[in-house]
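What follows is one structure encoded as structure tokens, with my remarks underneath.
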There are 2 protein chains.
Amino acid sequence: MTSAALHPANTRTRILDVGERLFVKHGYDGTSLRMITGEAQVNLAAVNYHFGGKEALMEAVLKRRLDWLNEQRMRVLDELEAAGDGLPPRPHKIVEAFFGTLIGMGCNKDLGGQIFLKLIGRSFTSPNGFIRALLAEEYREVVERYKQAFINALPDVPRQEVAWRFQFMLGATAYALAGSDFLQVSVQFDSDELPEEQTRRLWSRLYSFLVGGMRAPIPDEDLLPPQAFALASTASADDDSPPPGGGFPP
Amino acid sequence: MTSAALHPANTRTRILDVGERLFVKHGYDGTSLRMITGEAQVNLAAVNYHFGGKEALMEAVLKRRLDWLNEQRMRVLDELEAAGDGLPPRPHKIVEAFFGTLIGMGCNKDLGGQIFLKLIGRSFTSPNGFIRALLAEEYREVVERYKQAFINALPDVPRQEVAWRFQFMLGATAYALAGSDFLQVSVQFDSDELPEEQTRRLWSRLYSFLVGGMRAPIPDEDLLPPQAFALASTASADDDSPPPGGGFPP
DNA sequence: CACGTTTTAAAATGAACGTTTGAATCATAC
DNA sequence: GTATGATTCAAACGTTCATTTTAAAACGTG
């Protein structure tokens, strides 16, 4: 008799919750089914029974949140366009609709909270192809619609440019969410601050940064990169000499 | 006799080159020493002999590029400050110095090219603690100096704000470099374009986005996030009902 | 040529991995 | 009470992993 009574939910949900947390902490490859089932206090075979395998579990973990998120995003954009009397929504409102909806999930434990924000932030650059493929498929419809909304809202900006800036915004957001140690070095957290309060501060700052980037002047096509581009002479990156004595080899 | 004559360099460098490429393709956890030594056509034990182990190999792969990159960054900022007659460099020149130096490496095969850009882009959010710790240590000095340069260049922007925007810029850059499939869906590449040309176009677009974000108005502290924040009623993310018939369980 | 460094080869270690299996257990309806 | 289907369980499967240990072979250099 394992003490399942201590836990809030059934086996399936417990696996999803623990899996979500451990996939964030150690990555997909770095998380074993034994770690998950051990912490969730369920049997090892339960994952295969309920989901069919490790990949299918990851898929279920992601879809549980993404389905809700993308429905919400569609609904918010619906309302935005309905309120405009035929006029396209302003760019900053579209930014708010797409990214604000995501960040908002960080304040709601029932929606995964900050754990899910980290998971989604890291999944975009996962080395596992099936994760990126799943995300691309889950996001395709929503991204297509929002991209069109941006294009309509910014008639003077070339379509290509809009697509790139969407990409940059996604990156700045995903990266801020992924929350590396790096951030904690470079940015001083008020350590006794609630996560929800942290998330709100993050949002106000991210929001103005994204809108600022989205409204930037169209880049000069002929802009030349700095001197570092295409320099070949000063580079001696390969070190063919043997390692210094005392280190390896022994 | 394995055909070592086909390869351009010695064992050490061949391991570093193949390791760099495979760590990008499959991630650190997803790359085995057998994959590396097999593709590099060196003995399995060579990694342990030359580097001491898998982690030490990853460390060597990263340091080979980062040492050069950070020296270059220091040098460029030196020149920028020397040319200013006591005046602090303009913000957009600092952006160019920090991120342009990085992007420029993508055009130089001897410096790792786009492979290294992807590696560094993904390493920041790696689930492996020692990788993030290594990056934090390698970047500490340079980031501290550039952050101070930004603060001097933007006397009206609070220090905290500068740190956050630095973080956002890093994210947008790292994410653009990590180059998920997502980007290739959302952005149409001219497929017969040279990687160097791609990198130059990326830079001009990224540059204007970053500068635009850096110059955005200071965010309103009391900005309230959209309706998605702290909503709890409509959420029913947990599905405790058994899976539908036909799927799992069998 | 001789010597120390580097590379190769093959084998073995112990641990951890995802997955499978068949029996035991539980809840529920007859 | 017992039959039934869903769930949980302990145990084992075969594979792969990083690492270590042998030893001999190839190499560059004084």
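Note that the structure is a prediction, hence the values are computed from the model and not measured. Residue numbers begin at 1 in each chain, while the letters A, B, ... track the order of the sequences.
When rounded to the nearest whole Å, the span between CD1 of A:Ile36 and C1' of D:dT8 equals 18 Å. One can place CZ of B:Phe51 at 16 Å from C1' of D:dT19, the figure rounded to the nearest angstrom. Separating the CG atom of A:Asn43 from the C1' atom of C:dG18 is a distance of 14 Å, rounded to the nearest angstrom. Put simply, CD on B:Gln41 is 9 Å from P on C:dT8, counting in whole angstrom units. With rounding to whole Å, B:Asp29 atom CG is found 13 Å from D:dA18 atom C1'.
With sequence neighbours left out, A:Arg34 forms a side-chain contact (heavy atoms from CB on, under 4.5 Å) with A:Ser32, A:Leu44. Partners of B:Asp78 by salt bridge (charged side-chain N to carboxylate O under 4.0 Å, His left out), not counting sequence neighbours, listed by chain and number: B:Arg145. In this structure, the ring-ring contact (aromatic ring centres under 6.0 Å, His included) partners of A:Tyr146, at least two apart in sequence or on a different chain, are A:Phe98. Annotation: salt bridge (charged side-chain N to carboxylate O under 4.0 Å, His left out) contacts of B:Glu71 (sequence neighbours excluded): none. Residues that satisfy the side-chain contact (heavy atoms from CB on, under 4.5 Å) test with A:Val95, not counting sequence neighbours, are A:Phe99, A:Phe150, A:Met169, A:Tyr207, A:Leu210, A:Val211. For A:Glu141, there are no salt bridge (charged side-chain N to carboxylate O under 4.0 Å, His left out) partners two or more places apart in sequence or in a different chain. In terms of the ring-ring contact (aromatic ring centres under 6.0 Å, His included) criterion, residue partners of B:Phe168 (sequence neighbours excluded) are, by chain and number, A:Phe209, B:Trp164.
For residues 20-31 of chain A, the set of pairs meeting the salt bridge (Lys or Arg N to Asp or Glu O under 4.0 Å) definition, not counting sequence neighbours, comprises A:Glu20-A:Arg64, A:Glu20-A:Arg65, A:Arg21-A:Glu39.
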Tell me, for nucleotides 23-28 of chain C in 5' to 3' order, what letter each nucleotide earns: B for a base near a protein heavy atom under 4.0 Å, S for only sugar-phosphate near one, - for neither? ------
When you look at B:Glu144 and B:Tyr139, which way does the side chain to side chain contact (heavy atoms under 4.5 Å, CB included) test go after all the steps? CA-CA 8 Å; B:Glu144 210 50 51; B:Tyr139 265 78; over 6 Å; no
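Listed pair A:Thr11 / D:dT8 meets the phosphate criterion, a side-chain N or O lying under 4.0 Å from OP1 or OP2. Distances shown here put a side-chain N or O of B:Tyr49 below 4.0 Å from the OP1 or OP2 atom of C:dT6. Contact between the side-chain N/O atoms of B:Asn48 and the OP1/OP2 oxygens of D:dA18 is not found at any separation under 4.0 Å.
The CG atom of B:Leu102 lies 9.0 Å from the CG atom of B:Leu170; values are rounded to the nearest 0.5 Å.
Nearest to the side-chain atoms of B:His50 among the listed nucleotides D:dC9, C:dA9, C:dT6 stands C:dT6.
Taking the nucleotide of DNA chain C with the nearest heavy atom to each of A:Glu55 and B:Ala46, the more 5' of the two is matched to B:Ala46.
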Pairing pattern in dot-bracket form [Watson-Crick, G-U; both distances under 3.5 Å; | = partner strand] for DNA chain D: ||||||||||||||||||||||||.|||.|
Polar atom pairs (N or O), protein with nucleotides 11-17 of chain C, under 3.5 Å:
residue : atom : partner : partner atom : Å
C:dC17  : OP1  : A:Ser32 : OG           : 3.1

Considering only distance and modelled atom types, tabulate donor-acceptor pairs under 3.5 Å from the side chains of residues 51-62 of chain A, sequence neighbours left out.
residue : atom : partner : partner atom : Å
A:Lys54 : NZ   : A:Tyr28 : O            : 3.0
A:Lys54 : NZ   : A:Thr31 : O            : 2.8
A:Glu59 : OE2  : A:Lys63 : NZ           : 3.4

